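To start, the structure under review is shown below, and the notes come after it.
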Number of protein chains: 2
Amino acid sequence: MRFVASGTRESSYQKVARELRGQILQGLYANGRQLPTEFALATSYGVSRQTVRRAFQDLLADGLVTRIPGRGTFAKMKSDTYIRQFGSVEDLMALSTDTQLTVTSLLNRKIDIIAAGRLGLDSDVVYQVSFIRSHDQTPFCVSTVSLPPEVGQMLSSEKLLTTTGSQSNATIIGLIDKQLKDPIAEAQQSITVGRASESVAGHLGCEVGTSLLRIDRLYLDTRNKPVELATSYFDSELYSYRIRLRRDIS
Amino acid sequence: MRFVASGTRESSYQKVARELRGQILQGLYANGRQLPTEFALATSYGVSRQTVRRAFQDLLADGLVTRIPGRGTFAKMKSDTYIRQFGSVEDLMALSTDTQLTVTSLLNRKIDIIAAGRLGLDSDVVYQVSFIRSHDQTPFCVSTVSLPPEVGQMLSSEKLLTTTGSQSNATIIGLIDKQLKDPIAEAQQSITVGRASESVAGHLGCEVGTSLLRIDRLYLDTRNKPVELATSYFDSELYSYRIRLRRDIS
DNA sequence: CGTTATTTGTGCGTATGTATT
DNA sequence: AAATACATACGCACAAATAAC
């Protein structure tokens with residue numbers, strides 16, 4: 001899940017990390033088996049031990065391995081399950097440079113009573129745009145964004161949202177935040193289980209009715225006015241939602 | 001997720017990372033302001049540039065900074081990407097006031113390879129206790145808590161966990177935190193979709209196989225040692241996981 | 001029980017490359 | 001073109017944890 005700009009050549013440690021990641025995900029080190037030592041990998045790849053260590057730091061951050069001083073490095077994955085969580089939603093959303101947005105339904109005026117209600121509107125009219133988010137050409141998330149009419153009209157000048165199949169690595173809320181008088185101050189997020197509709201299943205490549213992770217986010221500006229409602233579906237077999245909470249900020 | 005080991009003194013790069021993390025979270029570098037360069041930090045802390053780089057790798061993995069070659073290191077601005085997660089361990093511990101816990105399976109020694117693995121144990125022996133959480137006499141959550149043997153034995157004096165059908169509005173992690181030498185410092189939470197087993201379905205009053213929200217929490221103490229693994233199933237019809245994300249305006 | 005070998009962790013120095021200003 | 005700043009890569013030394021003898 002580490003970065004890498006697409007254009008540049010892959011560095012040594014990235015190659016090591018990529019190959020080890022593939023082997024782990026393929027179950028070569030299933031049941032927590034031990035990986036080769038730093039020294040062994042360094043000699044077999046013809047790189048220094050530091051380079052191998054750098055690769056392991058990525059695998060560690062990905063949660064794929066456990067390292068125990070004096071003992072060795074062990075894979076965390078159990079091959080007997082289907083669960084391939086080689087990343088988290090947070091990781092993927094965090095680096096917008098890593099994920100690509102492809103518009104599937106252009107920004108348009110729609111009638112949506114539920115969305116309008118959650119946006120605190122009096123009428124039933126909202127502006128909606130739908131898109132998929134991909135990482136490495138693999139779509140992992142389908143989203144629909146609903147906006148109050150005035151916000152929707154504000155964004156109607158954005159070519160990204162009004163051109164078929166257009167791609168970007170921006171975020172909608174980023175676009176909105178730039179143009180708003182009052183900036184975004186707060187978001188309310190709710191995570192539930194949802195089912196894949198026909199269109200969602202088509203985009204994610206799963207079957208209709210599959211249980212998906214559904215994440216709703218309602219963004220509010222400093223005046224506590226809702227400015228965006230985003231409803232996203234994630235395939236939870238591929239991606240889990242991971243959060244790290246810390247205590248003691250000092 | 002970060003590494004290592006253990007009872008020893010804090011290392012140099014950890015100190016640098018900790019202090020920078022605190023400063024960022026306190027808003028010292030709010031609005032995406034630039035942090036000192038590697039060289040500046042190295043000289044001011046009296047360490048090498050490599051050590052500063054090691055610290056930045058942790059902050060990068062935490063998603064707290066963005067680094068741009070040729071430009072510098074910047075605190076992640078919440079506006080140009082999205083609003084970041086700021087829950088706290090305290091929030092999780094305070095879950096208890098309006099919900100009630102009923103023990104369904106007493107604290108006991110069990111064999112659980114998966115739980116033991118996630119707790120980083122060498123053997124397969126863990127202590128487990130199961131319970132349901134109710135609100136207004138309606139159960140909405142079924143949890144199983146796995147503990148390392150030494151923690152389990154520590155809690156074996158708690159009447160709550162060793163008496164059939166006992167009720168309380170405490171949290172297990174709260175009980176643990178009181179007795180631990182090293183307090184809880186961090187929690188890793190993973191949210192996925194799970195299916196109701198026979199026993200879970202029985203307690204929640206839903207059908208076997210129903211899709212449920214599954215939340216796994218791994219609590220770590222200040223020495224990064226796992227002390228509790230909680231696996232909970234929520235009926236997503238009754239309960240959705242809500243988070244409020246605030247933005248630091250400063 | 002201590003000793004030794006293995007393995008990971010920390011820290012530093014150096015050199016070179018690449019991107020930005 | 002030059003200076004700045006991050007990225008990669010290698011080398012070395014020593015510390016700390018573990019396991020085996």
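Sequence lines set the chain letters: A, B, ... in the order given, protein chains first and strands last, and positions in each chain run from 1. The figures here come from the full heavy-atom set of this structure, side chains too, leaving out hydrogens, waters and symmetry mates. Because the structure is a prediction, the values reported are computed rather than measured.
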Rounded interatomic separation in angstrom, taking CZ from Arg53(A) and P from dC10(D) = 15 Å
Can a donor-acceptor pair be found between the side chains of Ser143(A) and Ser232(A) at a distance below 3.5 Å?
-> yes
Side-chain N,O (Thr73(B)) to OP1/OP2 (dC6(D)) below 4.0 Å = yes
Under the side chain to side chain contact (heavy atoms under 4.5 Å, CB included) test, residues paired with Thr43(A) that sit two or more places apart | Phe39(A)
Whole-Å gap separating C1' (dA17(D)) and CD1 (Ile68(A)) | 10 Å
Provide, to the nearest angstrom, the distance between the CD atom belonging to Gln50(A) and the P atom belonging to dC12(C).
-> 13 Å
How long is the line joining NZ of Lys15(A) and P of dT8(D), in whole Å?
-> 16 Å
Side chains of Thr73(B) and Arg67(B), donor plus acceptor under 3.5 Å | yes
Residue from Thr231(B), Ile191(B), Thr192(B) passing side chain to side chain contact (heavy atoms under 4.5 Å, CB included) with Asp216(B) | Thr231(B)
For the pair made of OH in Tyr13(A) and C1' in dC10(D), what is the distance, rounded to whole Å?
-> 16 Å
Examine the side chains of Ser156(B) and Gln153(B) and answer whether a donor and an acceptor come within less than 3.5 Å of each other.
-> no
Each nucleotide N or O in nucleotides 19-21 of chain D that has a protein N or O under 3.5 Å away: list the pair and distance.
from, atom 1, to, atom 2, distance (Å)
dA19(D), OP1, Arg71(A), NE, 3.3

Confirm from the modelled atom types if Arg49(B) and dA7(D) form a donor-acceptor pair under 3.5 Å, side chain to base only.
-> yes
Strand partner of dA1(D), provided both Watson-Crick or wobble distances fall under 3.5 Å = none
Under 3.5 Å, is there a donor-acceptor pair linking the side chains of Tyr45(B) and Glu19(B)?
-> yes
Would you kindly give the CD-to-P distance between Gln57(A) and dA9(D), to the nearest whole Å?
-> 13 Å
Per the under-4.0 Å heavy-atom filter, residues of residues 36-48 of chain A near DNA chain D come out as Val47(A), Ser48(A)
How would you list, by chain and number, every residue that makes a side chain to side chain donor-acceptor pair (under 3.5 Å) with Asp112(B), sequence neighbours excluded?
-> Gln128(B)
Considering residues at least two apart in sequence or located in another chain, which fulfil the side chain to side chain donor-acceptor pair (under 3.5 Å) criterion with Gln50(B)?
-> none
Quickly work out the Leu35(B) CG to dC6(D) P distance and round it to whole Å.
-> 10 Å
Within less than 4.0 Å of OP1 or OP2 of dT10(C), is there a side-chain N or O belonging to Thr51(B)?
-> no
Taking for Pro69(B) and for Ser12(B) the nucleotide of DNA chain C with the nearest heavy atom, the one nearer the 5' end belongs to Ser12(B)
Spacing between Arg67(B) atom CZ and dA5(D) atom P, to the nearest angstrom = 12 Å
Listed partners of Arg53(B) passing side chain to side chain donor-acceptor pair (under 3.5 Å), at least two apart | Glu38(B)
